[in-house]
Amino acid sequence: MTATTTTPADERRAQPPSRVREWLGSGALRDRAVLLLALIIVLIVAMSILDAVGLTSGRFNSDYLASTLIAYVPLALLALAELFVITSGRGGIDLSVGSMVSLTGVVFAMLYQQAGLPLPVSIVLAVLFGALLGAVNGFLTAYLGYPALITTLATFYAYRSIALVVSEQRPISGPEISEFYNAAKSVELPVIGASLPLVPLGVFTFLIPVAIVAWFVLNRTTYGRKLYAIGTNDIAAQWAGIDTRRTRMMAYVTAGAIAGLVGVYTVAQFASARPDAGTSGSGMALPAITIAVLGGVAITGGIGRLSGILLAALLIVWLNASILLVVPGNEGAQAQLLALGVVLLGASLLSNATIRRRQAGAPGRPAVPATASGAPR
Amino acid sequence: MTTVSHDAPAPQAVSMRRILPPVVTGQEIVLLAVLAVLWVLLGIFTPAFLTPGSIGPLLVQVAPIALIGVGMTFVIITAGIDVSVAGMIMVSAVVTARVLVGYDVPAIAAVALAIVIGAALGAINGVLIAYGRVHPIIITFGTSNLFLWLGLRVFDSSTVNGIPGTLEFFGRGAAGSTLGVPHSFAIAVVAVAVAWWFLRYAKAGRNLYAIGGNQHAARLAGIKVQPRLVWVYLTTGALAGLAACMIIATGTSTLDQSVGAGKELQVIAAVVIGGTSILGGRGSVVGTLLGAILVQTVVSGVTQLGWPTQLGFLFVGIFILIAVGTDLIRERARRRA
Amino acid sequence: MTDTAQRSTPAPRHDATPRLEMRDISKRYGGVRAIRHADLTVAPGTVHALVGENGAGKSTLIKILSGAEQADTGTIAIDGTAVTIGSTTDAIGLGVQTVYQEPQLFPELTVAENFFVGREITRGPMIDWRAQAPRMLELLDTVGLDRQVASQPLGALSIAQQQQVSIAKALLEQASILILDEPSAILTDAEIEVLFAVVRRLAADGVSIIYISHRLDELFRIADAVTIMRDGETVSTEPIGELSVREIAERMVGGAIAEGVHETGELGEPVLELDGLSLAGAFTDVSLTVRAGEVIGLYGLVGSGAAEVGEVVYGMRRATSGRMRIAGSDRQPSTPSEAKRRGIRMVPANRSSQGSFSFQSIAFNITVGSLGLLGKVPGWVSPASERRIADDLIRRLAVKTPTARQPLGAMSGGNAQKVVLARQIVEQPRLLVLAEPTQGVDVGAKEEIHRIIADLAARGTAVLVITTDLAEVQRIADRILVFRSGRVARALPPTATQASLLAAAAGAEDEPATQEDDR
């Protein structure tokens, strides 16, 4: 787990350990993206070695890695949804994304399969519907002052229930939806694709466009600035003249819209709209929050980057895929849980220790606003 | 405390009621009223509802939620949260079930085993949260995965079959109740009563409110915050272990891998409906019991009315919003006053 | 926990041995020297006042005594015995009790519980309410609180009542030294009388009280001796009878009258006119005019109501009555963003909670109040213009930082304050309100911030400075309005002596304010 073994610091092992500590403290590892990238590289190197000596049950190669990306798309997208919500601060969290996925998937299938609307119209309406569901979360949280955990716990139950009731607990499928399956399956890229592995189409049709838009929103728009501002210090944001409630509400709306898109994607992935797509088992929300936190999103708000999300989701998806090659059968699926738990705990405890050390040296401690009443006096 | 003069007689003007926190909170009264209305309405529309044959099973289902809810109330009062309940239930249940199948152990030993396992897992949560200083929701997301892995390993890709009736004391059958009161529910009520006493009169209990209200100030006041935190998560785990016994006893002779799934959110729902503030510092176990009964009433009632079972959870969601909403309004009114 | 506070009963006092002797105490925060070579000697059973301007080092000294901070150098002796105070628990164990300005209490717990939290009297695992009750009720009487409040949640009490609770709480245990940190700042006159009675009674019982206050007049009614601090040093310790308000004031400010009073430039049209403005619970009937190019100073002690005037002008709060005219328009801004649109900017008083986005970059912190300027397309942010704006202000305000990417939280107080100020002057504001613009800022940065303010005024901005810093208001204001108890007590020119300013704010002179005509 220690990423130091693969770093340039290794070459200076002869130097006193203070050099290593200096390098660690200088910020390279503090940057979650670098840590995650290092872990991904470690994983690939280790797996390639295992593959070479024949300890894997299947081939560990680029085709295999590319094919696992079909699970990457919804995971990364929902973690991105959590990025918006958690970054907005004041205990921001969304437990309802899984339910929103189920419900928008069902609504999409009804629009597209049963009502016979054209595909683009159905997708747009499904996404708008997701945004509406998110708006309910956002209104309750930002304007009425419900703690986000409560709001989204309630809507988790409510949306899941509605999805199961309107679909009468039966998956919706049909010829149109089966056809739509193509949207998720693997394709060969045009022009340069011949020399590259087959990548699931969903990466290009869903993930990359959303990631690009999200990157611009977070880094190149005033909305992004406001989002980070309210998450960092809600009271200071009010003093800076930011409409904190509206900004916070939009974070939930965005999460809902992304969940809506994932709802459409899961319909394509499974070739049917399962009313429990986002809520069966432990649901989609908990892994999404886990990935977000692993990706460096601070649960207290104000910190979180797209690169962390994309890499954390990639790490987990490939880690899972690798485990399946090394640990056969059901045991492998179980070991994935172990891996996720260990990586999450390790990363958050590690980063917490770094933050604490940094704070100890800084004169002004970050003033993270309390979640309670915060109207400035 | 050398300065307190024990010999001074208590001034007569002040009764103890004046010093102690109020016995019932507004939220509990509201919940009781809502429950009464619901039961009457359900009694009118489905005559079968208010019969022992219907109420008994309902209370049996309430028991594990209320029991874990006691621990979760402690946790949430300290401004924490535990989303690893499902994992703890699974590990306790599957290990206990395997032991019951494989060895001829008495019920008491099985229960003790389940509680110890749950407590051990809870202690892991507690230590990581108290000393790792990472937000409890992250820690318990992480440990939840570990616990589920552990549970699934013990399941070993199959179900546990042929569980004997050792734990029938907690079950739905005739051995599971006395005078029509299910034992499991009675145990939950006893746990609530003990916890109520603890939170109201015991130093360690009162201190939980201080920790949740302002952890920094609590530390300054000399409260040993970290051991207390370990203790509340450990308790939640132990109660999850006991609840696991009830879940085994009320199920069939087969235990499958879905055991415990979704329980963490049900328990949190019961706690917040019961008026415990998710921000910490305020809460009551009686409210949690009422919240658990309310949730189960809604779910059972919807089924008995012949509506789709899943519709019940829509109402659960709405009840969460109403319960917390009235609490928010009361808080705001109080602050303005 | 019942044993930590146990302490052998103090032996009968001989006046030769001071109760407390702090010698040669020094403390640095990063590069800033908070206090250096400070001495504090307090006799048993006396009320010892500790005074000094903001940032003089009083609170640091107190934090060291109460165990919240550790001194870098120096010694502490209590009753002639050298002690080490490594934590607040240590301090409490030594009989040092502190009542902070912002009491560390638990709003959800009842008053009774707040008394005993962490040191409950127990019988087995249970709290022994009956054993606690008599002492608690007695203490409620002592601080003049109704016994009925015992069962109420603390959060339901007024701020003044909460403070009374925290004083009573400090008396619960053996206290040989009681530190009161500005206890009177938020109390009404009647409540102050109660407080003084309590303090006198305690002193008579042999408790040494360290009394921190800005209201110099009240010290003469309560204190026996006074230690004056300035710039982190203890200037003098004397019996209070040997000093006058003016002498204390002069020692606090270093004897200087005014360090170069601000030159009034050309005044333009009135930008802000307040007429009989009131905010319930904060200030009453405030009338003032600020013209373009003018710097008006609102000087008042903590809790005088001056701070709230700024909040109303900036749209954070709505006035309950009265008129406010901004650049000829009668509409009151209802939100800060509306105030901003009309050219009003405000630097809030509490830098860390109201002004800082601490783990965001300096560039972020500077531009976050002017997001509209960051891109050609509305809603868009161009990194180039962000950097240009940030670099420009970093240069103009001489912010010391290698790069604009540095997180604000890593900076010193002075630099951080410049950044927070920079946020509000990205575009030159029509009216700039500054609350405590140099609190917790080193001398050099203070100087520079004053220069920046003067500069803005010279270029036509109307400036309203709200401050508790006497030297500051004298130095930068064209006119000074002294606030006391929610009202404008007096209007004075900056050439007025510091003693008269302090006196007006501290309430020594009770004659009606001789107000100037041009208000």
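Below, chains carry the letters A, B, ... as their sequence lines are ordered, and counting in each starts from 1. Computation of the quantities below employed the complete heavy-atom set of this structure, encompassing side-chain atoms and omitting hydrogens, waters and symmetry-equivalent molecules.
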Has [X] got a side-chain atom pairing as donor or acceptor with [Y]'s backbone, closer than 3.5 angstrom?
X	Y	result
C/Glu338	A/Gly241	no
A/Asn233	C/Phe357	no
C/Tyr314	A/Trp239	yes

Of the non-hydrogen atoms in C/Gln360 and A/Gly302, which two are nearest, and what is the gap between them?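 Looks like NE2-O, 2.9 Å.
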Once you round to the nearest 0.5 Å, how far does [atom1] of [X] lie from [atom2] of [Y]?
X	Y	atom1	atom2	value
A/Thr300	C/Phe359	OG1	CZ	5.5 Å
A/Ile235	C/Asn350	CD1	CG	9.0 Å
C/Trp380	A/Thr222	CH2	OG1	10.0 Å
A/Arg225	C/Leu374	CZ	CG	6.5 Å

Close side-chain approach of A/Arg220 to C/Glu386, heavy-atom, < 4.5 Å: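 Not in contact.
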State, with a plain yes or no, whether a side-chain heavy atom of C/Val368 is found less than 4.5 Å away from one of A/Ile242. yes
A quick test of your reading: do over 12 heavy atoms of other residues, nucleotides or ligands sit less than 6.0 Å from CZ of C/Arg430? no
State whether the number of non-hydrogen atoms from other residues, nucleotides or ligands found under 6.0 Å of A/Arg246 atom CZ is greater than 12.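 Atom CZ in A/Arg246 is not crowded, with 12 or fewer foreign heavy atoms closer than 6.0 Å.
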Which answer fits A/Ala298, side chain, backbone, both or neither, if we ask what part of it has an atom under 4.5 Å from a heavy atom of chain C? neither
